[in-house]
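Predicted model only: the values in this text are computed from it and were never measured. In what follows, every heavy atom counts, from backbone to side chain, and hydrogens, waters and symmetry copies are set aside. Counting starts at 1 for both ligands and their atoms, following the listed order.
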Amino acid sequence: MTSSDELHKRRVAAVARGVGSTISSYIAEAGGGTLTDLEGREWIDFASGIAVTNVGNAAPRVVAAVREQVEKFTHTCFMVAPYESYVSVCEQLIELTPGSFEKRAALFNSGAEAVENAVKIARHATGRQAVVVFDHAYHGRTNLTMALTAKNMPYKHRFGPFAPEVYRAPMSYPLRDGGLDGAEAARRAIDVIEKQVGAGNVAAVLIEPIQGEGGFVVPAPGFLPAIAAWTAEAGAVFIADEIQTGFCRTGQWFASSHEGLEPDLITTAKGMGGGLPIAGVVGRAELMDAVHVGGLGGTYGGNPVACAAALAAIETMRELDLAASARHIESILKPALADISDPGIAEVRGRGAMLAIELVKPGTDEPDPVRTAAVSKACHEAGLLTLTCGTYGNVLRFLPPLVISDEDLDRGVAILRAAFR
Ligand code: PLZ
């Protein structure tokens with residue numbers, strides 16, 4: 001059998017250098033809480049891809065649904081010859097997302113594509129152009145979404161020029177904004193928007209309810225509702241990017257619900273497809289339906305195999321009550337993380353199964369990306385797959401599949417503790 005070492009050589013000769021990987025082992029199979037590499041080494045999964053396999057890897061219902069669908073048909077293009085599962089996924093998005101108003105949905109292939117389409121819809125419906133995003137935001141790697149994303153390296157460096165009419169406002173980041181409360185942080189952001197953009201020019205305010213790549217930043221309570229209220233008053237569209245936070249990850253179907261938000265539009269991807277590529281935009285019917293017939297689409301958007309997987313993943317989340325599982329994971333993992341006594345730990349934060357540790361140089365608030373990378377590497381060497389994130393690269397993040405066993409969680413925590421030592 002091919003070894004990871006041999007594969008690595010082939011990879012270097014065949015795969016563009018710009019595509020990186022967190023670990024150098026190659027995966028042979030994966031399940032509900034572990035991955036196994038070609039050498040038979042097991043990894044406890046605290047990554048879920050990147051918050052994708054919420055229902056676990058190769059989840060039984062997803063596997064069965066995909067099998068059944070590929071035997072019937074693999075592709076017709078919904079824009080050419082439609083099929084039921086696309087409609088069913090849209091119905092599920094409408095039912096599961098917060099907001100009791102009339103909604104519509106549309107399906108795409110990736111998170112970035114969903115975000116681009118949400119912006120298109122907001123611009124079309126309002127007749128305005130400006131899009132407001134926040135410090136530390138991550139929305140994707142396509143040209144428009146690079147402009148929306150905050151961090152230069154590795155996402156934007158030398159890839160410009162970027163799309164115009166994107167404006168960045170300060171985020172609520174309790175650890176790093178001098179402890180502004182939600183209302184104060186919102187006032188600071190709104191002031192920037194009003195002075196630098198002008199309320200009447202804003203098409204959309206786009207925000208992750210808990211920031212993902214930017215560092216698992218949980219805004220102070222009240223920040224999101226205040227921003228949403230201002231957006232409504234300005235006649236702009238409030239878009240929640242729930243691509244990383246959605247589908248039970250934070251202990252609710254969508255993280256917007258933790259603060260009672262009813263976003264005008266929500267973007268979803270990742271967890272929704274149980275590992276297959278599918279994304280969606282769902283929201284107010286009058287916004288979604290403002291776009292002319294033929295204005296939205298794409299060859300593969302809502303591919304039938306991906307739709308079958310999404311329906312099976314959603315059924316799994318409902319039947320196993322994976323939102324409750326995320327809260328259960330939080331109840332075990334958060335105290336365990338808080339219990340790691342290390343002078344470099346500035347904060348343990350997050351919700352549900354989206355938890356993080358931010359690391360600083362002891363006694364300062366200076367980010368410590370070197371130690372963060374070292375702890376992460378020690379975890380990898382000991383068989384725990386963890387990821388880092390953050391504008392400063394100093395956040396360890398934990399995203400186990402929501403079906404992970406308590407035993408695998410405990411084993412993971414033990415490896416993490418040892419890695420800190
Ligand atoms: N919005 C909130 O988290 C994807 C990106 C990893 P795509 N996050 C992982 C990387 O380095 O490329 C993400 C997200 C939020 C949008 C996206 C983009 O989703 O499916 O990767 O396009």
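Heavy atoms of Q211 come nearer than 4.0 angstrom to ligand 1 in no pair at all. Residue G212 places every heavy atom at 4.0 Å or more from ligand 1.
Each of R327, H328, K334 was compared with S331 under the side chain to side chain contact (heavy atoms under 4.5 Å, CB included) criterion, and only H328 meets it. Of the candidates E242, E262, K103, T97 forms a side chain to side chain contact (heavy atoms under 4.5 Å, CB included) with just one, namely K103.
At the shortest separation from atom 19 (O) of ligand 1 among protein heavy atoms lies G111 CA, 3.2 Å. Summary of contacts: the protein heavy atom closest to atom 12 (O) of ligand 1 is R141 NE, 2.7 Å. Distance from atom 18 (C) of ligand 1 to its nearest protein heavy atom, with residue and atom name: A112 N, 3.6 Å. Considering only non-hydrogen protein atoms, atom 6 (C) of ligand 1 sits nearest to I50 CD1, 3.6 Å. With respect to atom 9 (C) of ligand 1, the closest heavy atom belonging to the protein is K270 NZ, 3.0 Å.
At least one N/O-N/O distance between D241 and ligand 1 falls below 3.5 Å.
The option with the heavy atom closest to atom 14 (C) of ligand 1, from among I243, L387, V115, is I243.
For K270 and F247, the positive end is not near the middle of the six-membered ring at less than 6.0 Å and at most 45° from its axis.
A parallel orientation is assigned to the rings of Y86 and F78, their planes being inclined by less than 30° (bins at 30° and 60°).
The pair E42-R411 counts as a salt bridge, with a side-chain nitrogen and a carboxylate oxygen less than 4.0 angstrom apart.
Heavy-atom neighbours of Y300 OH from other residues, nucleotides or ligands within 6.0 Å: at or below the threshold of 12.
Taken to the nearest 0.5 Å, the CZ atom of F398 stands 13.0 Å off from the OG atom of S48. In this structure, CD in E29 is found 10.0 Å from CG in L35, a value given to the nearest 0.5 Å.
Under a 4.0 Å criterion applied to the non-hydrogen atoms of E208, ligand 1 contributes the atoms 2 (C). Less than 4.0 angstrom separates some heavy atom of S110 from each of these atoms of ligand 1: 20 (O), 22 (O). Shown in contact with Y155 at under 4.0 Å from a heavy atom are these atoms of ligand 1, numbered in order with element: 11 (O). Atoms of ligand 1 found under 4.0 Å from any heavy atom of Q244 (numbered from 1 in listed order, with element): 3 (O), 8 (N).
Taking every heavy atom of both residues into account, Y138 and D241 meet most closely at O-OD2, 3.8 Å.
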